[in-house]
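Before any comments, here is the structure.
Quick caveat, the model's predicted, so the values are computed rather than measured. Note that ligands are numbered from 1 as they come in the structure, with each ligand's atoms numbered from 1 the same way.
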Amino acid sequence: MSDIAPLKQEPELFNPSAQFVNNANIAGMEGYRAICAAAEEDFEGFWARHARDHISWHKPFTRTLNEEQAPFYRWFEDGELNVSYNCLDRNVANGNAEKTAVIFEADDGQVTQITYAQLHARVCQFANGLRALGIGKGDRVVIYMPMSIEGIAAMQACARIGAVHSVVFAGFSAKSLRERIIDAGAVAVITADEQVRGGKHLPLKSIVDEALDLGGCDTVNNVIVYKRTGAGIDLVPGRDLWLDTLLAEQPTTSEPEWVGAEHPLFILYTSGSTGKPKGVQHACGGYLLWAMLTMKWTFDIKPADVFWCTADIGWITGHTYIAYGPLAAGATQVVFEGVPTWPDAGRFWDMVSKHRTTIFYTAPTAIRALIKACDKDPHLHPKRYDLSSLRLLGSVGEPINPEAWMWYYHNVGNGECPIVDTFWQTETGGHMISPLPGVTPLVPGSCTLPLPGIMAAVVDEAGNELPHGQGGILVFKRPWPSMIRTVWGDPERFKASYFPQELGGKLYLAGDGAVRNEKTGYFSITGRIDDVLNVSGHRMGTMEIESVLVANPRVAEAAVVGKPDDTTGEAICAYVMLKGPRPLGDEAQRIARELRDWVAREISPIAKPKEIRFADNLPKTRSGKVMRRLLRAIAKGEPITQDLSTLEDPAILEQLRQAQ
Ligand code: WTA
């Protein structure tokens with residue numbers, strides 16, 4: 001079971017059952033081809049029709065796509081809407097008022113349910129509270145919250161008043177939080193006294209205090225604190241206030257702010273190939289449309305479903321498939337505060353069974369960790385739980401290796417649930433390449449085919465499309481409604497990162513390598529082509545970690561590369577040259593520990609290098625460039641095959657190989 005090396009033999013195809021196909025929102029390959037053909041024949045007409053059918057517009061749009069300022073594409077630009085209205089008011093009016101919107105399970109197992117009517121009231125109060133603080137259209141609000149109904153309500157409340165939220169994952173350090181607050185120019189921070197995960201308490205409010213105390217966050221007027229545990233915290237008079245107090249007197253209705261379709265809905269920071277994270281900016285209309293369409297197409301969402309996406313609201317998956325998509329679809333969803341391995345590694349299966357979850361969407365890392373856990377303790381095997389409610393499984397965040405896929409398929413899905421392996425990114429806003437559960441014969445490890453309307457291709461370095469079977473660069477040839485609009489405050493970086501001139505300036509560059517199967521045309525993602533790592537499905541820029549390492553007073557130089565890892569997909573491996581002599585034995589271990597903690601404090605525990613190797617020097621070409629390919633080969637323990645003639649000091653290789 002735990003042998004998760006890639007499969008070598010020809011993959012088997014898994015077809016959806018006739019029953020699934022008969023009931024699916026898109027049924028059979030003919031159904032899929034017909035929708036794709038509609039998009040090919042009349043691209044704008046296709047998107048316009050769906051936008052009219054799915055969104056309640058306050059003012060209808062007359063122009064579908066404006067390409068005049070490409071690659072700054074504008075969708076439905078003269079239309080007006082409110083995203084929160086579409087998620088909440090519409091459901092309250094459409095007969096879902098008493099339907100459960102969220103089943104929240106806390107870390108300790110306590111369950112709270114909230115209906116659409118109650119969530120609507122809560123969000124309205126929240127929106128009124130924010131307005132009472134003078135927050136309004138276009139203001140940026142940073143949300144640094146645990147997984148909670150309040151976290152979702154905070155996002156929805158911002159959307160309701162036209163404020164632009166920027167959720168910062170509550171595992172980021174004070175420094176990372178501060179950097180994002182400053183870059184976004186946030187007027188307020190919404191946080192909690194503490195976060196509780198796996199029985200451990202993390203003092204979020206004190207981290208916010210630390211971030212603000214570091215200085216430079218002059219735009220922040222208020223810190224709003226949700227009382228999660230009641231732990232003692234300091235409230236700075238005039239700046240900080242309890243959420244409860246703020247909302248106590250607020251009315252439970254609130255007129256939504258009608259905004260243009262291109263009005264920014266949120267900014268979400270993600271790692272790129274430089275040291276500075278990019279603020280990915282999304283727009284209201286197009287983002288909402290794709291969240292809804294992918295709920296319907298990829299997740300085949302139906303009124304009776306109980307949907308559970310295990311992501312955190314701090315990542316894009318938690319935005320599209322927790323805070324917006326399921327609510328816009330009028331679905332009931334499970335939201336979980338804790339971690340999959342606490343109190344034991346059966347937690348997910350216990351929750352699926354308890355809440356009668358029908359659609360379950362998680363990350364390959366979690367699956368691999370749970371495979372290992374039940375190898376050790378067979379009591380935690382999913383087969384020991386009643387998972388009969390499940391009808392569809394999903395995977396996101398990184399390539400899923402065929403062994404993990406097979407385990408998921410047979411043991412969680414009982415061989416009866418299709419698995420949608422959804423390829424997408426923070427920048428794409430929603431799924432791009434994914435099986436459709438009532439359509440696509442599945443191949444373990446392949447994200448299969450683009451969604452209707454999405455024009456994906458594999459090209460060479462000059463932007464020419466490659467024949468199937470040949471590996472290359474994944475691009476999208478046409479814009480789509482939920483695409484990134486710009487990098488917040490840095491339009492040049494947006495253009496250079498996503499529409500590079502080398503590819504002709506018109507192709508969206510995903511940053512991943514891909515290959516299409518010769519027979520089926522299915523896409524398989526071969527991994528990032530830039531200096532971005534994917535650790536447990538979290539994107540980490542190698543430059544970001546390097547610049548933090550060299551900021552440590554001990555460190556002279558550092559190079560960070562990825563190394564395949566059984567559980568986390570990729571692990572971070574850092575080669576470090578200290579200012580003093582190369583440490584050995586216990587001293588090396590002590591300094592390695594110190595540097596790991598340093599990275600955790602400066603960025604986040606998720607950025608901690610798993611391995612740190614010390615050397616007298618880093619391998620460089622004569623022109624002074626660090627030879628990363630070589631470092632990657634060494635990290636993987638692979639034989640070195642590349643040309644070393646340009647290497648400045650070949651003796652360094654042995655040292656790097658041995659150093660641990
Ligand atoms: C990777 C997460 C293979 C990919 C939604 C992408 C995947 C990056 C898959 C985006 C998948 C995501 N198969 N690789 N199904 N899904 N990726 O922005 O490298 O956190 O570019 O968005 O994750 O990560 P992000």
Side-chain angles (χ1 to χ4, degrees), residues 6 167 169 171-172 266-273 277-282 287 290-291 294 298 309-322 324-325 361-368 393-402 404-405 408 419-435 440 442-451 454 456 458 471 473-476 482-484 487 497-498 508-515 522-542 562 564 568-570 604 606-607:
V167 184
F169 174 61
F172 275 115
F266 63 83
I267 305 166
L268 182 59
Y269 287 87
T270 188
S271 293
S273 43
K278 295 182 275 204
V280 172
Q281 181 182 321
H282 280 286
Y287 175 83
W290 200 229
T294 51
T298 317
C309 163
T310 70
D312 191 285
I313 51 166
W315 310 116
I316 190 67
T317 308
H319 281 58
T320 313
Y321 300 110
I322 295 178
Y324 292 109
Y361 188 38
T362 196
T365 290
I367 297 166
R368 289 191 296 260
L393 303 174
S395 168
V396 59
E398 55 183 309
I400 178 165
N401 49 303
W405 193 102
Y408 195 27
I419 299 179
V420 287
D421 174 0
T422 59
F423 170 86
W424 61 295
Q425 310 178 294
T426 304
E427 295 85 343
T428 69
H431 303 151
M432 297 297 277
I433 308 181
S434 171
T440 324
L442 305 170
V443 171
S446 169
C447 53
T448 75
L449 297 169
L451 268 80
I454 302 299
V458 178
I473 299 169
L474 176 65
V475 295
F476 297 104
S482 67
M483 68 193 295
I484 173 176
V487 171
S497 308
Y498 301 110
Y508 170 87
L509 175 69
D512 286 284
V515 60
Y522 280 10
F523 286 76
S524 289
I525 304 298
T526 54
R528 298 288 305 187
I529 54 168
D530 52 10
D531 292 326
V532 171
L533 305 182
N534 194 326
V535 182
S536 300
H538 300 149
R539 259 163 84 171
M540 302 296 329
T542 53
T568 58
E570 245 181 326
S604 162
I606 59 178

Ligand-side contact atoms (ligand 1) for residue partner Ile525, heavy atom cut-off under 4.0 Å: 3 (C), 14 (N)
Atoms of ligand 1, numbered as shown, that sit under 4.0 Å from any heavy atom of Phe423: 4 (C), 6 (C), 7 (C), 9 (C), 11 (C), 14 (N), 15 (N), 16 (N)
Side chain to side chain contact (heavy atoms under 4.5 Å, CB included) between Ser446 and Asp421, worked out: CA-CA 7 Å; Ser446 169; Asp421 174 0; 5.8 Å; no
Sub-4.0 Å atoms of ligand 1 with respect to non-hydrogen atoms of Thr422: 9 (C), 11 (C), 15 (N), 16 (N)
Within-shell test, Gly397 vs ligand 1, heavy atom, strictly < 4.0 Å: yes
Distance-only polar pair, side chains of Thr365 and Glu398, donor-acceptor under 3.5 Å: yes
Proximity to ligand 1 by part of Ile400, non-hydrogen separation under 4.0 Å: neither
Tyr408 side-chain N/O to Gly394 backbone N/O, donor-acceptor pair under 3.5 Å: yes
Options Thr426, Asn534, Thr270, ranked by nearest heavy atom to atom 25 (P) of ligand 1, top entry: Thr426
Closest to atom 5 (C) of ligand 1 (judged by heavy-atom distance), picking from Tyr321, Phe523, Trp424: Trp424
Pairwise side-chain contact, His431 with Thr320, heavy-atom cut-off 4.5 Å (strictly under): no
Side chain, backbone, both or neither: the part of Arg539 lying under 4.0 Å from ligand 1 by heavy atom: side chain
Ring geometry between Trp315 and Phe172 (parallel below 30°, tilted from 30 to 60°, perpendicular above 60°): perpendicular
Any Trp315 heavy atom less than 4.0 Å to ligand 1: no
No-hydrogen, no-angle side-chain donor-acceptor test under 3.5 Å, Tyr269 and Thr426: no
Which of the ligand 1 atoms, numbered from 1, are nearer than 4.0 Å to a heavy atom of Thr317: 5 (C)
Taking atom 21 (O) of ligand 1 as the reference point, the nearest protein heavy atom with its distance: Asp512 OD2, 2.4 Å
Thr428 and Tyr508 side chains, donor-acceptor separation under 3.5 Å: no
Residue Asp421 vicinity, atoms of ligand 1 by number, heavy atom under 4.0 Å: 11 (C), 13 (N), 15 (N)
Protein heavy atom at shortest distance from atom 9 (C) of ligand 1: Glu398 N, 3.6 Å
Test item: Thr270 and Glu427 side chains (from C-beta on) under 4.5 Å apart, heavy atoms: yes
Per-residue contact class, Pro399 against ligand 1 - non-hydrogen pairs under 4.0 Å: both
Thr317 and Tyr361 side chains, donor-acceptor separation under 3.5 Å: no
Under-4.0 Å heavy-atom contact with ligand 1, by part of Arg528 that carries it: side chain
Plane angle bin for Phe266 and Tyr324 - parallel if under 30°, tilted between 30 and 60°, otherwise perpendicular: parallel
Atoms of ligand 1, numbered as shown, that sit under 4.0 Å from any heavy atom of Val396: 5 (C)
